[in-house]
Amino acid sequence: MSFGILNLSEAFMVRVRIAPSPTGPLHIGTSRTALFNYLFAKKQKGNFILRIEDTDLERSNPKWERDILENLKWLKIKWDEGPTPIFQRKIGEITNHKTQNPENQRYIGDYGPYRQSQRIESYTKYIKKLLESGQAFWCYHSKEELEKEKKEQIKRKEAPRHVCDKRQATSDKKKKGIIRFRCPSKKLKVHDLIRGDLESDTGILGDISIAKDLKTPLYNFAVVVDDFEMKITPVIRGEDHLPNTPKQILIQEALGFSRPQYAHLPLILAPDKSKLSKRQGAVSIREYREQGYLLEALINFMALLGWNPGTDKEIFTLPELIKEFSLEKVQKQGAIFNIEKLDWFNSYYVRQKPLDELTWLCIPYLIEEGLIKPIFKIKQYPPAYGGMDLKQIYQISETKEEVNFEYLKKIISLYQERLKKLSEISELADFFFKEKLEYKKDLLSWKEMKDKEILEVLTKLEKIISKIKSDDWNKDNLEKVLLAEAESFDKLRTRKLDRGKLLWPLRVALTGKKASPGPFEIMEVLGKEKTVQRIDKAKSLFSTLDN
RNA sequence: GGCCCUAUAGUCUAACGGUUAGGACGUCAGGUUUUCAUCCUGGAAAUCGGGGUUCGACUCCCCGUAGGGCCA
């Protein structure tokens with residue numbers, strides 16, 4: 001890994017990065033920062049880098065790094081560089097049944113990420129340099145002493161900071177110390193691509209800590225070294241880093257580094273306007289993915305949180321975003337994460353999905369709820385005909401019936417317009433997979449219908465339906481026959497047409513639910529036998545009337 | 001406590017000194033529909049407050065206020 005010599009085209013290349021700490025799963029905020037960096041890089045035909053800031057060994061965990069990588073890939077935010085060109089996975093390899101989308105497996109990042117833990121030599125080099133020039137020093141003040149100093153400063157209404165009065169050029173093996181940087185006092189002007197000119201007084205910074213020892217750099221120092229060596233510009237990051245910027249610039253200047261451009265993005269806020277955190281609910285991409293939000297919806301939603309194209313267009317694909325994106329259109333104020341808008345985007349993209357793909361995406365949720373089980377059927381052929389063939393089918397858990405993908409696809413098609421998120425499918429469509437429906441007989445009543453009337457309707461339905469031939473068992477024909485009947489049936493009693501008297505009890509008998517798709521398409525999927533069975537079951541609820 | 005950032009409907013935002021302050025989500029009403037959803041039509045809803053600058057301010061400046069971030 002070397003950043004020493006860059007050729008000319010590289011020197012002028014836009015290179016941006018995100019630098020998450022692997023201390024938790026990929027956060028919505030981090031993803032949005034990643035997205036903006038990615039869009040900026042791609043628009044400028046530059047590179048986007050992923051750098052894992054894992055110097056805090058106690059809080060870092062490889063499992064979180066894996067989560068960050070996996071979910072960035074799922075979002076199709078691909079990074080362009082890395083030290084290890086090893087990350088290739090076999091096409092078709094499946095890690096998690098919920099990621100079972102053939103699209104995702106075609107590309108898997110070609111590189112591992114940069115990691116701070118693998119760049120210690122660089123940090124040591126520059127810490128030594130500052131120590132030698134006297135711009136940094138060892139400080140051995142105890143926690144108690146620092147605490148006391150701070151309290152007194154607050155009492156005097158001064159900025160809390162440490163100004164060391166016992167600076168040591170070399171380390172003292174016997175005592176536990178820390179390396180600090182002496183911040184020069186001056187007025188510092190910074191131009192921010194989003195916020196404009198900012199000015200601050202660095203005199204109040206004191207002697208900031210930059211490393212625990214020669215091999216353990218602290219955040220503000222490591223960032224400066226990394227961004228310089230990786231030739232990052234502009235640094236596009238969250239607004240929470242704004243106060244760090246002057247510190248980092250002073251360190252840059254002490255080291256003789258060039259200054260990158262800066263762009264500080266507005267924060268994503270919880271509904272109570274505080275910084276979005278775990279306390280307010282789901283904040284990781286993984287959680288949204290598992291709930292059945294589509295990456296298209298998440299990307300589109302995140303892009304519009306703090307950015308707008310300047311037109312009324314709201315629906316954007318990733319390539320369209322790359323085309324339209326610019327930092328000038330990024331907002332200054334924090335944006336509240338509005339889940340209702342996300343839901344709207346998601347239901348939009350669900351409706352746009354090709355049905356095959358949507359079915360693939362929904363099946364895992366049916367499996368997870370235990371409604372169906374995936375099973376493999378092996379067909380044996382003589383060797384000359386290829387030996388054997390593996391076919392995936394599904395078994396309905398309750399009835400042990402075997403159904404194929406096409407059957408599930410028919411069911412999913414009924415819900416394409418009804419799903420806000422994929423996870424809802426099992427609750428909405430469970431009646432297709434149940435042996436017995438659980439519902440109260442009152443539910444069969446449309447408006448003020450009495451038991452006697454309901455029974456009459458059900459009997460009539462059963463009679464008509466059992467006459468329909470299997471060959472004619474399809475939605476259109478069922479609709480034709482039953483609608484005609486509904487009209488003549490109703491005309492006998494009331495002047496105003498009310499098809500509900502026939503269709504509501506029918507639909508409830510089939511589904512056991514007060515809301516569902518229409519009865520005709522449901523009947524088509526269920527088939528004649530089950531349809532008749534279910535009407536019969538509904539009739540049996542009124543058995544006392546019969547006698 | 002110190003420093004910094006921000007301010008248009010409930011929410012995301014448009015209007016780069018002159019518009020009946022526009023769009024989207026949500027919400028409400030109506031239509032289509034057996035129900036739900038989709039779809040269509042329509043409605044309610046905003047420039048934080050006070051001073052300036054200007055013929056004219058959502059827009060520029062100042063002071064408040066409110067919210068947020070960082071530091072420990």
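Chain letters run A, B, ... following the sequence lines, proteins first, then strands; residues in each count from 1.
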Sugar-phosphate only, base, or nothing, as touched by [X] at under 4.0 Å among non-hydrogen atoms:
{"X": "A:P517", "value": "base"}
{"X": "A:K151", "value": "nothing"}
{"X": "A:E147", "value": "sugar-phosphate"}
{"X": "A:G518", "value": "base"}
{"X": "A:K150", "value": "sugar-phosphate"}
{"X": "A:A159", "value": "sugar-phosphate"}

Report the nucleotide, chosen from [options], that has the shortest atom-to-atom distance to any side-chain atom of [X].
{"X": "A:Q333", "options": "B:C25, B:G1, B:U8", "value": "B:U8"}
{"X": "A:R507", "options": "B:U34, B:C12, B:A14", "value": "B:U34"}
{"X": "A:D240", "options": "B:U11, B:G69, B:U35", "value": "B:G69"}

Look at the side chain of A:R195 against the base of B:C5 and say whether a donor-acceptor pair falls under 3.5 Å; ignore hydrogens and angles.
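A donor-acceptor contact between them is absent.
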Any side-chain N or O of [X] less than 4.0 Å from the OP1 or OP2 oxygen of [N]?
{"X": "A:N244", "N": "B:C70", "value": "no"}
{"X": "A:Q331", "N": "B:A14", "value": "yes"}
{"X": "A:R499", "N": "B:U35", "value": "no"}
{"X": "A:W344", "N": "B:C25", "value": "yes"}
{"X": "A:K275", "N": "B:C70", "value": "yes"}

Distance in angstrom units between A:L269 CG and B:A7 P, rounded
13 Å
Within the distance-only criterion (no hydrogens, no angle test), does the side chain of A:T233 pair as donor or acceptor with the backbone N or O of A:P260 below 3.5 angstrom?
no
Does NZ or CZ of A:K175 fall inside the cone over A:Y140's six-membered ring, less than 6.0 Å from its centre and within 45° of the axis?
yes
Using side-chain hydrogen bond (donor to acceptor under 3.5 Å, both in side chains) as the criterion, point out the one residue from A:R237, A:R195, A:E239 that pairs with A:H264.
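In the set A:R237, A:R195, A:E239, the residue that makes a side-chain hydrogen bond (donor to acceptor under 3.5 Å, both in side chains) with A:H264 is A:R237.
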